[in-house]
Amino acid sequence: QYPDTTNTARALMNLALCYQQQTNPLLVKATALQLAERFPAHPRAPIMLLTISKVYSERQDLEMLDWVYGVFLDNFPQNEKAPAVLLSLAVIRNKKKDKAGAEQFLQRLIQDHPADPAALKAREQIAWLRYNEGNYDQAIEYFQAFLAKTTDEALKPTAQFGLADSFIR
């Protein structure tokens, strides 16, 4: 066990980054877990985990990116970056063709962070999921919720189309 000093968290992050360069996911996981679990009150620990995730994002390593984001959410669910992480996890699940998993993260985002702008994006994405499934009643609900709150004029026309088409069907 490493001694806890003011630089221990940073040292663990740097160690995880070194293991990434060596492409050793087992040691990255062990080190990232140490960082998250030993330093839950450290103000920079969540950002350090996201620094680790950045390399996986650049490499498009969806498995490890998914894992690091999971550790982040398990240990720092109320962090200001959590909504963006939930949205990213939904995108990852969509890329993996896991629509149900994507929707779980979108629903969690709406439930846990309703005032965050990312929750509005989540509503729009769920509306289109419902529309594409042919579940038009629920699509209508999500489109209406999205249109009632959005200020993005570029997104309104497509959402209005989805809403109108859902009513027709």
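- The CG atom of Leu49 lies 10.0 Å from the CG atom of Leu73; values are rounded to the nearest 0.5 Å.
- No side-chain donor-acceptor contact under 3.5 Å links Thr150 to the backbone of Leu147.
- Rounded to the nearest 0.5 angstrom, Phe72 CZ and Ile47 CD1 are separated by 6.5 Å.
- With hydrogens and angles ignored, the 3.5 Å screen pairs a side-chain donor or acceptor of Asn75 with a backbone N or O of Val71.
- Here the CG-CE distance, from Asn14 to Met48, works out to 8.0 Å after rounding to the nearest 0.5 Å.
- Note on Arg93 versus Asp66: salt bridge recorded, some NZ/NE/NH1/NH2 to OD/OE distance being below 4.0 Å.
- In this structure the side chain of Met64 never reaches within 4.5 angstrom of the side chain of Arg59, judged on heavy atoms.
- In the displayed structure, Lys54 atom NZ is contacted under 6.0 Å by at most 12 heavy atoms of other residues, nucleotides or ligands.
- Residues His113 and Gln78 meet the side-chain proximity criterion, which asks for heavy atoms closer than 4.5 Å.
- Taken to the nearest 0.5 Å, the CG atom of Asn135 stands 12.0 Å off from the CD1 atom of Ile126.
- For the pair Tyr69/Ile92, a side-chain contact is recorded, criterion being any heavy-atom separation below 4.5 Å from C-beta on.
- Other residues, nucleotides and ligands contribute only 12 or fewer heavy atoms inside 6.0 Å of the NZ atom of Lys95.
- Note: the hydrophobic cluster containing Phe161 does not contain Leu129 (ILVMFWY, side chain heavy atoms under 4.5 Å, direct or indirect links).
- Glu124 and Lys149 are not joined by a salt bridge, as no carboxylate oxygen comes within less than 4.0 angstrom of a charged side-chain nitrogen.
- Leu109 is not connected to Val91 by any chain of hydrophobic side-chain contacts under 4.5 Å among Ile, Leu, Val, Met, Phe, Trp and Tyr, and they are in different clusters.
- At a threshold of 4.5 Å between non-hydrogen side-chain atoms, the residues Tyr56 and Gln20 count as touching.
- Here the closest non-hydrogen pair linking Ser166 and Ala139 is OG-CB, 3.8 Å.
- Residue Arg44 qualifies as open at atom CZ: its count of foreign heavy atoms under 6.0 Å is 12 or below.
- Side-chain contact check for Asp152 versus Leu120: every heavy-atom pair is 4.5 Å or farther apart.
- What you find for Ala90 and Ala102 is that their closest heavy atoms are O-CB, 3.4 Å.
- Among all heavy-atom pairs drawn from Ala32 and Ile52, the shortest one is CB-CD1, 4.4 Å.
- Using a 4.5 Å cut-off between side-chain heavy atoms of Ile, Leu, Val, Met, Phe, Trp and Tyr, with links allowed through other members, Leu50 and Leu89 fall into the same hydrophobic cluster.
- Between the NZ atom in Lys81 and the CZ atom in Phe76 there is a gap of 14.5 Å [rounded to 0.5 Å].
- No side-chain heavy atom of Leu17 sits less than 4.5 Å from a side-chain heavy atom of Gln21.
- Within the 3.5 Å criterion, the main-chain N or O of Leu27 finds a donor-acceptor partner in the side chain of Thr31.
- Results of the side chain to side chain donor-acceptor pair (under 3.5 Å) test with Arg130 over Glu103, Gln125, Glu141 single out Glu103 as the only residue that passes.
- In this structure, Leu87 and Leu106 have side chains that are in contact, with non-hydrogen atoms separated by less than 4.5 Å.
- Checking each of Tyr142, Phe146, Phe143, Tyr136 against Trp128 for a ring-ring contact (aromatic ring centres under 6.0 Å, His included) leaves exactly one that passes, namely Phe143.
- Phe105 is connected to Ile110 through a chain of hydrophobic side-chain contacts under 4.5 Å among Ile, Leu, Val, Met, Phe, Trp and Tyr, so both are in one cluster.
- Asp74 and Pro77 make their closest contact through O-CD, 4.2 Å (heavy atoms, listed as atom of the first residue, atom of the second, distance).
- Atoms CE and CG, from Met13 and Asn7 in turn, are 11.0 Å apart once rounded to the nearest 0.5 Å.
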